[in-house]
Amino acid sequence: MHRVTWVLGNWKQNHRPAAAKVGAEAIADGVAEALSNPDPTAGEVRVGIAPPYLSLEAVRPYTRLDDTVVLLAQDCAAQDEGAFTGEVGPAMLRDAEVEGAIIGHSERRAYFHEDDALIAAKLRAVLEGGLVCVLCVGEALEARDAGEHESTVISQLSGAFSNVGPELVNERLVIAYEPVWAIGTGRNATPEQAAQMHATIRRWMGERFGSAGADRSILYGGSVKPGNASALIAAGEVDGFLVGGASLDPTSFLAIVRAAATTARPTA
Ligand code: 13P
């Protein structure tokens, strides 16, 4: 089967509305050309942008429901409404015509102390809310150096899915493997490291949820650039990218989209 290829730009705390509009317009203008010559093994390719909350409105005209460029939030509360100062939940995102949310990003885990229980609640809320959920997992450098990268990621998966039944595991669930040591460092995981971890994630998802789990798109994130995107895809198991820094430059982001769309996947 061909899994959906996703190329998602996580703008993090960058691009206030005026700059977001310019960036989104450039991406929307270039995306058709970037997707014009796909490799048949790439399957359906979907592009997404995750701006800061306050810039969602500025980006929305350049994204369309059910179209190629989707609009995502960078986080989502576990509850729809109530006395939760500062929070934005699934119902509010749906009202704003946001199609999905990133959950469990390592920056949220590290700087905002999000733990497995909170990420589990958010994951469930986003999926129950009918949104696309991009669940991020990834080990810190110490875990990698200690040979504990796989056990760390498996522990993050079992925490995040502790409260999710198979009925919520469908095409709206996307997983992103983002090793912390590769984020914003210019040091990407090698294609072999990414392929190996993606295979581990896929095996765990299959054991837990059967083929619905094993068939999920698994993205790689961490210093993805136009120059390394093709090699990461070509090693197999990588179904697209979650791009940080390079997504702020439309030319770089579109080059990554083009690489993801045109690189042949190895046949299994
Ligand atoms: P960089 O592409 O800047 O390394 O960031 C990756 C990331 O954290 C995307 O969510």
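Counting starts at 1 for both ligands and their atoms, following the listed order. Remember, it's a predicted structure, so these values are computed and weren't measured experimentally.
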Test of proximity, [X] against ligand 1: N or O pairs below 3.5 Å:
| X | answer |
| --- | --- |
| Lys225 | no |
| Leu242 | no |
| Gly221 | no |
| Gly245 | yes |
| Ser223 | yes |

Which atoms of ligand 1 have any heavy atom of [X] under 4.0 Å away?
| X | answer |
| --- | --- |
| Ala182 | 4 (O) |
| Gly184 | 1 (P), 3 (O), 4 (O) |
| Gly222 | 4 (O), 6 (C) |
| Asn10 | 9 (C), 10 (O) |

**Asked** Under 3.5 Å, side chain of Arg16 to main-chain N/O of Asn14, donor-acceptor pair present?
**Response**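 Checking the backbone N and O of Asn14 against the side chain of Arg16, no donor-acceptor pair under 3.5 Å is found.
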
**Prompt:** Side chain of Arg94, backbone of Gly130: donor and acceptor closer than 3.5 Å?
**Reply:**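 Judged by distance alone, no pair lies under 3.5 Å.
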
**Item:** Donor-acceptor pair between Trp181 and Glu142 side chains, under 3.5 angstrom
**Value:** no

**Asked** Just checking, any donor-acceptor pair under 3.5 angstrom between side chains of His105 and Gln74?
**Response**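 Note: His105 and Gln74 side chains miss the donor-acceptor criterion.
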
**Request:** List the closest protein heavy-atom neighbour of atom 2 (O) of ligand 1: residue, atom name, distance to the nearest 0.1 Å.
**Result:**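 Heavy-atom neighbour on the protein nearest atom 2 (O) of ligand 1: Gly244 N, 2.9 Å.
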
**Prompt:** What protein heavy atom sits nearest atom 7 (C) of ligand 1, and how far off is it?
**Reply:**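 Nearest neighbour among protein heavy atoms for atom 7 (C) of ligand 1, to 0.1 Å: Glu178 OE2, 3.1 Å.
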
**Message:** So for Ala246, does at least one of its heavy atoms come nearer than 4.0 angstrom to any atom of ligand 1?
**Reply:**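 Ala246: no contact with ligand 1 (<4.0 Å).
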
**Asked** Going by heavy atoms, is Ser247 under 4.0 Å from ligand 1?
**Response**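 Checking ligand 1 against Ser247, which is what was asked, there is no heavy-atom contact under 4.0 Å.
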
**Asked** Under 4.5 Å between side-chain heavy atoms, hopping through other hydrophobics if needed: is there a path connecting Met92 to Tyr53?
**Response** yes

**Prompt:** Got more than 12 heavy atoms from elsewhere within 6.0 Å of CG, Leu54?
**Reply:** no

**ligand 1 contact on Ala176 by region, counting heavy-atom pairs under 4.0 Å** = neither

**Member of His198, Gln193, Glu139 meeting the side chain to side chain donor-acceptor pair (under 3.5 Å) criterion with Tyr177** =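 Testing each of His198, Gln193, Glu139 against Tyr177, the sole residue satisfying side chain to side chain donor-acceptor pair (under 3.5 Å) is Glu139.
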
**Item:** Selection from Lys12, Glu107, His105 by shortest heavy-atom distance to atom 10 (O) of ligand 1
**Value:** His105

**Item:** With Glu107, the side chain to side chain contact (heavy atoms under 4.5 Å, CB included) member among Asp75, Val180, Ile183
**Value:** Ile183

**Asked** Can you name the closest pair of heavy atoms from Trp11 and Pro52 and give their distance?
**Response** CB-CD, 4.5 Å

**Prompt:** Which value, rounded to the nearest 0.5 Å, describes the distance between Ile49 atom CD1 and Tyr62 atom OH?
**Reply:**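 Going from CD1 on Ile49 over to OH on Tyr62, the span is 10.5 Å.
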
